[in-house]
Amino acid sequence: MIIGSGLAGLNAALEAAKHGSVVLVTKSTLHSSSSYWAQGGIAAVLNHPDTFESHSKDTIEAGREFGNLQAVEVLIREGAQAVQELIKLGMPFDKERGEFSLGLEGGHSARRIYRAGGAATGKMMIDFLISHVRNNPKITVMENTFVFDLVSENGLCTGANVYYHFEHTFDKISSSATILATGGYSGLFGRSTNPHTSTGDGLWLSNSIGCTLKDLEFIQFHPTAFYNSSGEVFLISEALRGEGAILRNSKGERFMEKFTQKELAPRDVVAREIFREIRKQDTNFVTLDLRHLDNNKFKKQFPNLINRIKKSGLNPEKDLIPVAPAAHYCIGGIETDIDGFTGIEGLYACGEVAATGVHGANRLASNSLLECLVFSKRAVIHASAKSNLRIKSSSSSDNKFLKIDESGSEVFIKIRNQIASLMNIHAGIERNEKGLKFALAELNEMQKLLEDKTQIEYYTLRTKGILMIANRIVKASILREKSLGVHYRSDSVSLYDEKLDSIRFQDEIVQKY
Ligand code: SIN
């Protein structure tokens with residue numbers, strides 16, 4: 001069973017179908033995932049003069065040498081193979097005069113970003129894989145199916161209990177191996193580039209059967225998400241800066257000029273600088289300037305994105321585009337090894353929900369679609385090696401049912417909105433102890449509202465889930481007292497001088513590094 005239908009989930013399903021029958025479960029539809037919304041592309045080294053070493057070095061430097069260097073090696077080398085395989089399968093990456101037109105993004109020292117439809121790479125990759133999934137008789141797709149409980153028997157995960165939204169019915173799905181590919185939790189922030197479904201479900205589901213969560217304080221903010229006063233947010237791909245777009249403050253000044261890589265400095269540096277300009281100028285946004293660029297070329301290169309900007313009433317040939325940072329990618333998640341193994345027999349995680357350590361403390365642009373391909377395949381290979389053994393040991397305990405109390409949906413939405421605002425203000429690009437402790441106290445108050453709700457009810461369960469994740473993000477941000485990568489503590493900016501480990505949560509146990 002694969003839970004989640006972004007790039008990691010779809011690829012895991014296709015890989016797993018080579019070994020047996022597969023159920024692919026998603027709480028929404030196959031087209032609703034942050035992968036589908038991904039614009040920039042997928043980074044890979046397929047040709048000289050670029051090298052694996054250079055891509056690894058960029059990845060490790062962007063990540064501030066924190067995390068798992070072995071995972072980086074795996075990502076870069078196996079990622080190149082995975083992209084090559086996709087090309088062989090017919091994935092239509094963009095070409096110019098018969099050659100792949102490779103993009104450049106922040107922190108990369110070479111043009112190595114494969115794109116499709118300009119800035120519609122996620123959509124085109126997902127559509128491409130969906131067509132393969134739909135045509136594979138070994139894969140059963142279950143949309144609008146919410147997993148509310150992972151079944152664990154004697155330290156073994158044997159499947160999941162699910163709720164079918166439309167039918168209002170329940171079922172238990174038994175599986176010899178379960179792969180979580182449920183994505184990240186950026187949707188918990190008020191400003192996010194992710195779909196609202198990015199609520200980190202895989203984290204609370206797996207934590208409740210003993211998985212460890214780690215690195216939750218590392219949340220990457222994309223520097224340039226569209227801003228307007230009615231709250232419309234969508235990603236304005238870094239690829240535009242790769243082609244020469246310039247950032248300006250409210251006085252029209254190009255404020256990134258002081259950095260060697262200018263607008264293409266690592267993403268955390270650009271996001272923080274924008275945040276500071278916004279505060280300094282007392283506005284809500286800075287602007288992206290495309291006016292000096294060859295607009296005909298741009299329209300051809302990025303048709304979807306340029307249309308989206310135009311739909312919002314702006315003409316990139318004449319207007320400056322308002323942008324501000326937004327929560328974009330979660331580096332933290334379920335701790336796994338480089339085979340996606342969670343430590344619970346039969347349970348794997350891959351893609352954004354997993355924390356392999358591959359991104360260190362700051363993810364290099366366009367490494368996440370790559371991560372999805374590489375680690376989903378590894379998880380399937382590892383899982384299938386032992387799955388015969390496991391299916392025999394699975395007993396058939398009864399289905400679980402959830403009470404559904406529709407009045408709970410109001411509480412869920414109210415608490416979700418409160419969390420979104422707390423996270424934006426106190427766990428955003430810059431954090432400090434005072435703000436984080438305030439946020440923690442507020443979260444504890446919200447938690448109290450649910451204390452008498454002991455019955456397993458759908459909305460209560462989901463509310464408890466998002467509260468738990470918000471609580472762990474804030475606790476981890478308090479515990480990591482100095483700044484590192486995307487985690488920036490404005491009250492203690494000094495750098496670490498010792499070798500660092502992750503902050504982990506297993507049930508209620510907090511292990512400090
Ligand atoms: C972008 O298109 O700027 C996003 C790419 C990424 O998040 O890796």
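Order of appearance sets the numbers: ligands from 1, and atoms from 1 within every ligand.
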Numbered atoms of ligand 1 (with element) below 4.0 Å of [X], judged on heavy atoms:
X    : answer
S237 : 1 (C), 2 (O), 3 (O)
R363 : 6 (C), 7 (O), 8 (O)
G40  : 1 (C), 2 (O)
A365 : 8 (O)
E238 : 1 (C), 2 (O), 3 (O)
Q39  : 2 (O)

Over 12 foreign heavy atoms within 6.0 Å of CD, E99: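 Open: at most 12 neighbouring heavy atoms sit under 6.0 Å from CD of E99.
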Neighbour count above 12 (heavy atom, 6.0 Å) for K88 NZ: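 12 or below, so no.
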E105-ligand 1 polar pair, N/O distance under 3.5 Å: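 No: no nitrogen or oxygen of E105 is under 3.5 Å from one in ligand 1.
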H328 heavy atom under 4.0 Å from ligand 1: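 Yes, that is the case, since the closest heavy atom of the residue is under 4.0 Å from the ligand.
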Check: T193/H328 side-chain N/O donor and acceptor closer than 3.5 Å: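 There is such a pair between these side chains.
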D215 and S502: side chain donor to acceptor below 3.5 Å: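 Indeed, the side chains of D215 and S502 share at least one donor-acceptor pair under 3.5 Å.
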Which residue and heavy atom of the protein sit nearest atom 8 (O) of ligand 1, plus the separation: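 The closest one turns out to be S366 N, 2.6 Å.
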Passing option when R489 is tested against R431, K482, R480 for side-chain contact (heavy atoms from CB on, under 4.5 Å):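 Exactly one candidate clears the test, R431.
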R267 contact mode with ligand 1 (heavy-atom cut-off under 4.0 Å):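 For R267, the contact with ligand 1 is made by the side chain alone.
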Parallel, tilted or perpendicular, as decided by the 30° and 60° cut-offs, for the rings of H359 and Y329: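 Geometry flag for H359 against Y329: perpendicular rings.
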Intermediate values then yes/no, salt bridge (charged side-chain N to carboxylate O under 4.0 Å, His left out), E96 and K297: CA-CA 12 Å; E96 217 179 313; K297 188 174 159 211; over 6 Å; no
